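Just so you know, these numbers come straight off a predicted model, no measurement behind them. The figures that follow rest on heavy atoms only: side chains count, while hydrogens, waters and symmetry mates do not. The residues of the chain are indexed from 1 along the displayed sequence.
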Amino acid sequence: MSDLLSIVIPTYNRSDILYENISYMLPDIVKNHIAVYISDDSTDLATKNKIDLLGYDRIIYQKNDPSLGHDKNCISTLKMAKSKYVWYLGDSVYIKEGGLDYVLSVLAADDYEMVFVNHNNPCNNFSGKVNDPIPFLKENVWYLTLSGATIYSTEALKSV
């Protein structure tokens, strides 16, 4: 398993779209030995059944019973990973082919608390480290609300 990066995905009754997205990303996930953690708040076992069809032993599935609710499920998912960095994806978000290779090369090059990735609306074309995060976050904090647009260091998450 990669010690550098894990993908975490909270989900609720969206087994088909989650399955489709993980299937699409699976070749790059397998190639890079990435663990995928899924926290399932669904009302049935459809998500588990779909995930089992993928046959990837580094998908760690957690069924929440009772349901945690949206916010607690998101937080629970972030806490599941053991790697240095956590890429939080919504269940309808996927990483384009080759994206994992690029992100892994960036993460391996330096230490970061957060990494913003190119989503449909890139963060002012930002690239690099921020020495003073307060002005940067004041201008760009909205970007953190996009599921899949932020990679967090597990150390930074511990302080929240």
Side-chain angles (χ1 to χ4, degrees), residues 1-109 112-123 127 142-158 160:
M1 226 178 283
S2 171
D3 291 333
L4 188 58
L5 178 67
S6 296
I7 295 171
V8 299
I9 306 171
T11 191
Y12 176 77
N13 288 345
R14 293 169 50 104
S15 60
D16 290 337
I17 191 73
L18 177 64
Y19 176 81
E20 181 180 318
N21 288 335
I22 293 177
S23 294
Y24 173 80
M25 297 183 294
L26 198 57
D28 282 347
I29 288 171
V30 170
K31 179 177 84 172
N32 288 294
H33 309 288
I34 303 293
V36 179
Y37 294 85
I38 297 171
S39 183
D40 184 11
D41 243 16
S42 299
T43 57
D44 57 29
L45 292 175
T47 300
K48 178 171 182 10
N49 295 336
K50 289 278 192 173
I51 295 306
D52 287 347
L53 292 174
L54 294 169
Y56 182 54
D57 64 347
R58 292 186 175 115
I59 294 178
I60 297 87
Y61 172 86
Q62 171 182 290
K63 174 73 171 136
N64 301 321
D65 187 20
S67 176
L68 299 175
H70 179 270
D71 294 346
K72 288 181 181 177
N73 191 28
C74 293
I75 292 166
S76 172
T77 308
L78 284 167
K79 292 179 178 181
M80 291 173 73
K82 307 297 182 223
S83 56
K84 184 174 181 178
Y85 294 101
V86 177
W87 195 341
Y88 175 90
L89 296 180
D91 54 13
S92 64
V93 177
Y94 63 90
I95 303 164
K96 290 185 179 178
E97 185 177 348
L100 273 174
D101 292 329
Y102 178 74
V103 163
L104 287 167
S105 70
V106 169
L107 295 176
Y112 305 98
E113 289 190 6
M114 289 186 288
V115 175
F116 296 119
V117 295
N118 186 8
H119 203 269
N120 293 333
N121 189 359
C123 189
S127 177
W142 66 269
Y143 195 71
L144 293 172
T145 65
L146 300 172
S147 295
T150 310
I151 299 169
Y152 305 92
S153 80
T154 52
E155 284 302 310
L157 289 172
K158 288 178 185 176
V160 176

Check your understanding: Excluding sequence neighbours, so at least two apart, what forms ring pair (Phe, Tyr, Trp, His ring centres under 6.0 Å) with Y24?
Key ->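 Here the qualifying residues are Y94.
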Test item: [X] and [Y] side chains (from C-beta on) under 4.5 Å apart, heavy atoms:
{"X": "V86", "Y": "Y37", "value": "no"}
{"X": "V115", "Y": "V103", "value": "no"}
{"X": "I34", "Y": "W87", "value": "no"}

**Study point:** Closest non-hydrogen atom pair between Y85 and Y112, with its separation
**Key:**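 Minimum heavy-atom separation between Y85 and Y112: OH-N, 2.9 Å.
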To the nearest 0.5 Å, tell me how far [X] [atom1] sits from [Y] [atom2].
{"X": "L5", "Y": "L104", "atom1": "CG", "atom2": "CG", "value": "5.5 Å"}
{"X": "L26", "Y": "Y19", "atom1": "CG", "atom2": "OH", "value": "9.0 Å"}
{"X": "I60", "Y": "I7", "atom1": "CD1", "atom2": "CD1", "value": "11.0 Å"}
{"X": "K48", "Y": "D40", "atom1": "NZ", "atom2": "CG", "value": "10.0 Å"}
{"X": "N32", "Y": "M25", "atom1": "CG", "atom2": "CE", "value": "12.5 Å"}
{"X": "Y61", "Y": "D52", "atom1": "OH", "atom2": "CG", "value": "8.5 Å"}

Excluding sequence neighbours, so at least two apart, what forms salt bridge (Lys or Arg N to Asp or Glu O under 4.0 Å) with [X]?
{"X": "D91", "value": "R14"}
{"X": "K82", "value": "none"}
{"X": "D44", "value": "none"}

Exercise for review: Please list, chain by chain and in numerical order, all residues satisfying side-chain hydrogen bond (donor to acceptor under 3.5 Å, both in side chains) with S105, sequence neighbours excluded.
Suggested key: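 By the side-chain hydrogen bond (donor to acceptor under 3.5 Å, both in side chains) rule, S105 matches no residue at all.
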Point to revise | side chain to side chain donor-acceptor pair (under 3.5 Å) partners of residues 68-79, not counting sequence neighbours, each pair once | key: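 Matches after skipping sequence neighbours: S39-N73, Q62-S76, N64-N73.
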**Study point:** Stepwise side chain to side chain contact (heavy atoms under 4.5 Å, CB included) test for I59 and I22
**Key:** CA-CA 10 Å; I59 294 178; I22 293 177; 4.3 Å; yes
Check your understanding: Could you give all pairs that pass the salt bridge (charged side-chain N to carboxylate O under 4.0 Å, His left out) test and reach residues 20-33, with sequence neighbours left out?
Key ->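 Counting only pairs at least two positions apart or across chains, the salt bridge (charged side-chain N to carboxylate O under 4.0 Å, His left out) contacts touching residues 20-33 are K31-D101.
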Point to revise | Worked verdict on S92 versus N21 for side-chain hydrogen bond (donor to acceptor under 3.5 Å, both in side chains) | key: CA-CA 7 Å; S92 64; N21 288 335; 5.6 Å; no
Review point. Applying the side-chain contact (heavy atoms from CB on, under 4.5 Å) test to S23, which of L53, L54, L18 qualifies?
Key: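 With S23 as partner, L53, L54, L18 yield a single side-chain contact (heavy atoms from CB on, under 4.5 Å), made by L54.
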Review point. Sub-3.5 Å donor-acceptor pair from the side chain of T154 to the main-chain atoms of K84, do we have one?
Key: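 Yes; judged by distance alone, with no hydrogens or angles, the pair exists.
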Check your understanding: Got a sec, which residues hit side-chain contact (heavy atoms from CB on, under 4.5 Å) with S67, two or more places apart in sequence or on another chain?
Key ->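 Scan of S67 (side-chain contact (heavy atoms from CB on, under 4.5 Å), adjacent residues dropped) gives D41.
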Practice item. Step by step, work out the side chain to side chain contact (heavy atoms under 4.5 Å, CB included) result for D16 and K50. Key: CA-CA 8 Å; D16 290 337; K50 289 278 192 173; 3.0 Å; yes
**Study point:** Residue pair S83, L4: steps toward the side chain to side chain contact (heavy atoms under 4.5 Å, CB included) verdict
**Key:** CA-CA 5 Å; S83 56; L4 188 58; over 6 Å; no
Point to revise | Step-by-step side chain to side chain contact (heavy atoms under 4.5 Å, CB included) determination, T11 to I17 | key: CA-CA 10 Å; T11 191; I17 191 73; over 6 Å; no
